[in-house]
Amino acid sequence: YRCSGGLACSAQSAERIRHFSSKGAMDIQGLGARFIEQLQDCGHLTCLLDIYTLEERHREQLRAEEMGEDLSGGLQPLHELPGRGLQSIGKLFVAIDRSRNKVTLARFLYALGIPYIGIQTAEVLSEACHRDVNRFLAVLYEFRDATEEDLPGAGTSVREIVGVGEAVVQALNTLACDPSRLEEVEALAKHMHWPEENVAAPPVPVVDNPCRGKVVVFTGKLQRSTRREAEKLLNMMGGVARAKVTQDVDILVVGGPPSSDGSRKRKPPPITTKQRQFEALGKPAEHIWTEEDWETACDQFRTSTEESKFTS
């Protein structure tokens, strides 16, 4: 399969490929901006899907050369590009193959570069789809097949996710209704080596807890976990993490310095800019949590989850 279209603007196409290959996305080491530009200029890389057909096309070209045939179509062999060689190209192919093997639905969604879907939103959507790419595609098909009358109710599983706004819904609808983009997503999904544990995995039962259905912002330095770990746990608790303080934020967790005696109790955290913003919106003071408050809620969630396993 070879892309026949692609974005008309080569600079935009290069940016899509760069984002797709970046560390937070598919993490294809060695495929940086200069290499992407080089591959574009010589016609080897025109769209995202070309990344995963690059090695096959390269090997076909080498076999043709050995047999005295010309299947290059005027394209310069990869290993003959300035500053490249067989070893350099081989490392790129290893990195591309590695990206297939360590793919998760969250990484995949973020890598697609869909407007309004950053890393956090991609993880929330992934969990809502039970980390199953086929369930995500089913959401897109629902948008694609909806009539004008049905559209307000299409994508119910996405619309019901706490913290996912109408902008995300519209971005998914736009993607689903663009035949070339939808075909690209389907083809890319087929090139991935989806881990069994990330396909049709059952959802984690979300027991009642103070963060369920809440939008939460973390500020300050957390002592017992990284911000990333805290946000993942929040997702498991049925909440949604946000980076900025807005009117729809329910809880602000303020991290602070550790206690001097090594106990769990912490010093009062310093007032942060986000806390001032939160207070300026007229939010209740009890919705400003210390890290100790956050840890208490997490402990309650863990205990309730363990208990539900024995009662379900």
Query raised in the report: Would a 4.5 Å heavy-atom cut-off, applied to side chains only, mark Arg57 and Asp50 as touching?
Result: yes
Query raised in the report: Are the side chain of Asp250 and the backbone of Val215 linked by a donor-acceptor contact shorter than 3.5 Å?
Result: yes
Query - Rounded distance (nearest 0.5 Å) linking atom CG of Asp178 with atom CG of Asn173 - result: 11.0 Å
Query - Ion pair check, Glu37 and Arg34, cut-off under 4.0 Å - result: no
Requested in this report: Please report the C-alpha distance between Gln38 and Arg84 in whole Å, then the side-chain angles of each, then the deciding distance to 0.1 Å, and finally whether the side-chain hydrogen bond (donor to acceptor under 3.5 Å, both in side chains) criterion is met.
Outcome: CA-CA 10 Å; Gln38 196 175 35; Arg84 309 297 170 184; 2.9 Å; yes
Query raised in the report: Would you say the side-chain atoms of Asp293 and Thr296 include a donor-acceptor pair closer than 3.5 Å?
Result: no
Query raised in the report: Would you say Arg181's side chain and Thr174's backbone share a donor-acceptor pair under 3.5 angstrom?
Result: no
Report task. State, without any angle test, whether Glu291 and Gln223 hold a side-chain donor-acceptor pair at a distance under 3.5 Å. Result -> no
Query raised in the report: So does Lys190 have more than 12 non-hydrogen atoms from other groups sitting under 6.0 Å from NZ?
Result: no
Query raised in the report: Are any of the side-chain heavy atoms of Leu49 and His191 separated by less than 4.5 Å?
Result: yes
Query raised in the report: Taking side chain as C-beta onward, heavy atoms only, is Leu137 less than 4.5 Å from Glu186?
Result: yes
Report task. Name the orientation class of the two ring planes belonging to Phe93 and His58 (parallel below 30°, tilted from 30 to 60°, perpendicular beyond 60°). Result -> tilted
Report task. Assess the side chains of Tyr52 and Ser99: does a donor N or O sit below 3.5 Å from an acceptor N or O? Result -> yes
Query raised in the report: Around Gln29, counting heavy atoms of other residues, nucleotides and ligands shown, do more than 12 lie under 6.0 Å from its CD?
Result: no
Query raised in the report: Could you give the distance from CD1 (Ile119) to CZ (Arg107), rounded to the nearest 0.5 Å?
Result: 8.5 Å
Query raised in the report: Roughly how far, to the nearest 0.5 Å, is CD1 of Ile288 from CD of Glu279?
Result: 4.0 Å
Report task. Keeping the roles fixed (side chain from Glu231, backbone from Arg228), state whether a donor-acceptor pair exists under 3.5 Å. Result -> no
Query raised in the report: Can you find a pair of side-chain heavy atoms, one from Tyr141 and one from Leu182, that are under 4.5 Å apart?
Result: yes
Query raised in the report: Is the number of heavy atoms from other residues, nucleotides or ligands within 6.0 Å of CD (Glu55) greater than 12?
Result: yes
Query raised in the report: Going by atom types alone, do Tyr116 and Glu166 pair a side-chain donor with an acceptor below 3.5 Å?
Result: no
**Report entry** Leu175 side, atom CG; Ile117 side, atom CD1 - distance, nearest 0.5 Å
**Finding:** 8.0 Å
Report task. Could you walk me through whether His130 and Arg135 pass the side-chain hydrogen bond (donor to acceptor under 3.5 Å, both in side chains) test, one step at a time? Result -> CA-CA 8 Å; His130 304 169; Arg135 295 193 183 207; 2.4 Å; yes
